[in-house]
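Worksheet for the structure shown next.
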Amino acid sequence: MRFHNFFRVRFALFLCFVLPLSISAADKKKAKAAAAEADQPSYELLQPAKENLDYTMYQRIREEGLTHSHVMDFASALMDGIGSRLTGSPNLRRANEWTRDQLAAMGCSNAHLEDWGEFGMGWQQLNTWVRMTSPDTAVFIAQAAPWSPSTNGAVNGQAIWVDIKDEKDFDKYKGKLAGKIVLLGEMREVNPVDKPLFTRMDDKDLAKTADFTLEKQKAFSDRIQEYIKRAALLDKTGKFLASEHALAIILPSRDGRDNGGSGGTIFDDGGLGRSAYKRDHANPLPVVVTAIENYGRVYRLLKAHVPVSIEMNVDVKYFDDHEHGFDTIAEIPGTDPKLKDEVVMVGGHLDSWAAATGATDNGAGTVVAMEVMRIFNTLQVKPRRTIRIGLWTGEEQGLFGSRGYVKQHFGYVPRSTAPDQLEKPESMRKPAGPLVIKPEQPEVSGYFNVDNGTGKILGIYLQGNAAIAPIFSQWMEPLKDLGVTTITARNTGGTDHQSFDAVGIPGFQFIQDRLDYDSRTHHSNMDTYERLQPADLAQAATVEAIFVYNAVMRDQMLPRKPLPHPELEEQRSAPLKVMPGALEPAEQSTDKDKENK
């Protein structure tokens with residue numbers, strides 16, 4: 001009996017003192033783990049296996065976006081009412097102000113313009129015409145190359161074709177160009193248009209897009225060197241032609257996909273280099289781009305030693321040499337007390353080239369993003385996180401607007417200031433150190449971009465972010481009837497999502513139906529409202545709105561890739577020193593010196 005009493009007393013003491021201590025320790029451990037988890041950004045936490053999708057909101061967005069679309073209202077106002085939007089031009093300033101005012105009027109907060117920095121010369125084409133006056137009369141299809149100077153009235157001169165592939169070729173033309181109109185550039189082959197210029201992607205095309213290519217691409221550094229070499233030669237060629245007192249330069253239009261660069265389509269996005277907007281790289285002579293058929297006729301006549309006279313007039317207007325660029329920014333504020341400071345961004349670039357009205361590149365992406373914001377405001381969506389739209393400018397010259405915005409708010413890669421590097425565009429210079437992260441960077445869950453024309457959304461590029469594939473796959477399941485079926489791990493480039501991806505923020509470009517984007521409209525004189533496809537744009541706005549909605553409403557931020565380390569890229573890409581018996585270059589020199597002695 002005493003033993004049992006003793007046991008009961010010991011057990012009671014255990015319940016009173018030891019057990020609470022062990023429970024307290026467990027509670028403290030859990031509390032510590034919870035505190036540590038609270039300090040972690042939610043994108044670093046384990047993502048849920050199943051997405052909590054709001055199918056009612058899916059349907060509401062679909063109904064508003066597909067049945068009551070206003071995307072073409074925005075499109076006509078932007079493309080017809082404002083027109084081309086070359087960076088630095090008065091039209092682009094009008095577009096900035098119009099988009100800001102429209103976003104405010106639809107109910108967005110904090111609609112404003114943000115200065116991303118100095119761009120260069122403001123320029124506007126007023127009128128351009130070119131014609132052959134002998135041995136026959138013919139009116140050419142032509143436009144001034146962006147930032148071309150004026151002819152200051154009509155000029156008339158003998159045509160001459162020059163074959164310049166190297167600076168040494170200048171000697172062939174010294175003393176022969178005064179008063180001449182110079183045809184500069186090879187006459188390319190003009191093949192028949194034996195395929196439709198307007199095509200939709202089929203299952204085979206999408207399967208190819210989904211496959212991750214293992215083919216090694218040409219090294220970025222090699223592409224940079226080729227770009228710099230071509231740009232330097234063009235710059236020197238322009239100065240040489242001006243020093244020889246030529247009157248003007250005519251360039252042939254390049255080709256498009258499936259031989260689309262013919263039949264009156266001209267691609268006017270070059271001139272004498274992509275830096276002609278800078279005063280110190282300004283075109284020294286008037287430059288026009290003409291249809292390949294017009295160029296070809298003069299070229300063949302000159303090859304046959306038939307004299308050709310050209311008359312032309314380039315009438316342009318310059319503005320400030322130091323125009324600044326601006327992005328249009330607006331928001332729908334978040335409502336969740338814990339998540340409202342986090343942001344999901346949507347956007348596209350507002351600027352265009354000057355040959356048309358920039359409808360598919362990238363008026364389409366602009367009006368789709370605006371329609372996304374209109375849908376949310378119309379449905380009175382109360383997002384948990386803040387939705388922010390960014391309409392970028394300077395994209396065509398190097399993603400200037402989005403890069404400037406990202407640098408001001410989220411982070412940047414410091415670039416080399418070595419003399420040889422300063423000759424290159426800033427984004428092409430060698431990294432001078434690791435990525436610099438700013439306090440706002442961890443607050444951005446993701447950025448969604450549309451900039452591949454007017455085609456509907458068929459899927460999304462993951463930019464190598466494997467962790468997000470199962471999330472997007474679930475989001476897309478209810479959208480398969482709209483054609484949204486394809487996910488690829490591939491990176492895609494050439495547009496503004498790269499600015500976000502470069503600083504570790506998930507940035508995504510959608511896979512879009514190709515239509516006639518690369519064959520006929522991209523940077524061409526055919527990039528007008530008529531090329532827009534209303535049903536495709538309504539679908540694109542609907543799909544993008546659903547992606548944005550899911551991102552702002554889920555508990556956790558979108559998962560991220562490891563932070564990029566561009567400063568290590570050169571080291572990581574260097575060949576391994578694994579060859580037995582291989583000597584270092586210094587050792588090879590020493591051995592040769594010994595042999596010579």
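Note that these values count all heavy atoms, side chains included, but never hydrogens, waters or copies made by symmetry. Note that the numbering runs from 1 along the sequence shown for the chain.
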Hey, are [Y] and [X] close enough side-chain-wise for a donor-acceptor pair under 3.5 Å?
X: Glu114; Y: His409; result: yes
X: Asn449; Y: Thr495; result: yes
X: His522; Y: Asp527; result: no
X: Glu396; Y: Thr87; result: no
X: His497; Y: Gln463; result: yes

Is the side chain of [X] donor-acceptor paired with the backbone N or O of [Y] at a distance under 3.5 Å, no angle test?
X: Asp258; Y: Lys195; value: no
X: Gln474; Y: Pro470; value: yes
X: Asp269; Y: His523; value: no
X: Gln441; Y: Val503; value: yes
X: Arg490; Y: Leu462; value: no
X: Asp202; Y: Lys204; value: yes
X: Thr521; Y: Thr360; value: no
X: Arg85; Y: Gly83; value: yes
X: Asn362; Y: Val450; value: yes
X: Gln408; Y: Asp115; value: yes

Looking at [atom1] of [X] and [atom2] of [Y], how far apart are the two atoms once the value is rounded to the nearest 0.5 Å?
X: Arg429; Y: Ser416; atom1: CZ; atom2: OG; value: 8.0 Å
X: Thr485; Y: Leu479; atom1: OG1; atom2: CG; value: 10.5 Å
X: Thr386; Y: Ile332; atom1: OG1; atom2: CD1; value: 9.5 Å
X: Lys456; Y: Thr454; atom1: NZ; atom2: OG1; value: 12.0 Å
X: Asp501; Y: Tyr447; atom1: CG; atom2: OH; value: 12.5 Å
X: Ser573; Y: Leu568; atom1: OG; atom2: CG; value: 10.5 Å

Counting only heavy atoms from other residues, nucleotides and ligands, does the tally under 6.0 Å from [atom1] of [X] exceed 12?
X: Glu570; atom1: CD; answer: no
X: Asn52; atom1: CG; answer: no
X: Lys338; atom1: NZ; answer: no
X: Lys561; atom1: NZ; answer: yes
X: Asp203; atom1: CG; answer: no
X: Glu530; atom1: CD; answer: yes

Is there side-chain contact between [X] and [Y], with heavy atoms separated by less than 4.5 Å?
X: Asp513; Y: Gln533; answer: no
X: Thr378; Y: Met106; answer: no
X: Leu458; Y: Gln512; answer: no
X: Leu435; Y: Pro564; answer: yes
X: Ile61; Y: Leu379; answer: yes

Stepwise side-chain hydrogen bond (donor to acceptor under 3.5 Å, both in side chains) check, Thr393 with Trp116: CA-CA 9 Å; Thr393 63; Trp116 50 258; 2.7 Å; yes
Test of ring centre spacing under 6.0 Å for Phe500 and Phe508: no
Audit row: Asp516, Arg257, salt bridge (Lys or Arg N to Asp or Glu O under 4.0 Å) steps and yes/no: CA-CA 9 Å; Asp516 53 355; Arg257 191 195 73 230; over 6 Å; no
side-chain contact (heavy atoms from CB on, under 4.5 Å) between Arg520 and Leu515, intermediate numbers included: CA-CA 9 Å; Arg520 184 164 60 161; Leu515 309 187; over 6 Å; no
Intermediate values then yes/no, salt bridge (Lys or Arg N to Asp or Glu O under 4.0 Å), Arg200 and Asp536: CA-CA 11 Å; Arg200 291 195 178 273; Asp536 287 57; 2.9 Å; yes
From CA spacing to verdict: side-chain contact (heavy atoms from CB on, under 4.5 Å), Ile375, Glu371: CA-CA 6 Å; Ile375 290 170; Glu371 175 71 352; 4.1 Å; yes
side-chain contact (heavy atoms from CB on, under 4.5 Å) between Met370 and Val71, intermediate numbers included: CA-CA 8 Å; Met370 292 177 72; Val71 70; over 6 Å; no
Verdict with reasoning, Glu477 to Ser473, per side-chain hydrogen bond (donor to acceptor under 3.5 Å, both in side chains): CA-CA 6 Å; Glu477 190 64 33; Ser473 180; 5.5 Å; no
Sole candidate of Arg415, Arg403, Lys407 that passes salt bridge (charged side-chain N to carboxylate O under 4.0 Å, His left out) when paired with Glu426: Lys407
Pairing of Arg374 and Glu64 as salt bridge, 4.0 angstrom limit: yes
Partner of Ile389 under side chain to side chain contact (heavy atoms under 4.5 Å, CB included), chosen from Ile329, Thr366, Val346: Val346
Audit row: Glu443, Arg385, salt bridge (Lys or Arg N to Asp or Glu O under 4.0 Å) steps and yes/no: CA-CA 10 Å; Glu443 297 175 356; Arg385 295 178 177 86; over 6 Å; no
Residues 97-104 side chain polar contacts: donor-acceptor under 3.5 Å, at least two apart:
residue, atom, partner, partner atom, Å
Thr99, OG1, Ala95, O, 2.8
Thr99, OG1, Asn96, O, 2.9
Thr99, OG1, Thr328, OG1, 3.0

Plane angle bin for Phe326 and His324 - parallel if under 30°, tilted between 30 and 60°, otherwise perpendicular: tilted
Pairs under 3.5 angstrom only: tabulate donor-acceptor contacts from the side chains of residues 547-558 to other protein residues two or more places apart or in another chain.
residue, atom, partner, partner atom, Å
Tyr549, OH, Asp54, OD2, 3.3
Asn550, ND2, Tyr58, OH, 3.0
Asn550, ND2, Ile546, O, 3.4
Arg554, NE, Glu51, OE1, 3.1
Arg554, NH1, Gln47, OE1, 2.9
Arg554, NH1, Gln556, O, 3.0
Arg554, NH1, Met557, O, 3.2
Arg554, NH2, Gln47, OE1, 3.0
Arg554, NH2, Glu51, OE2, 2.6
Asp555, OD1, Arg384, NH1, 2.8
Gln556, NE2, Ser42, O, 3.2
Gln556, NE2, Leu46, O, 3.2

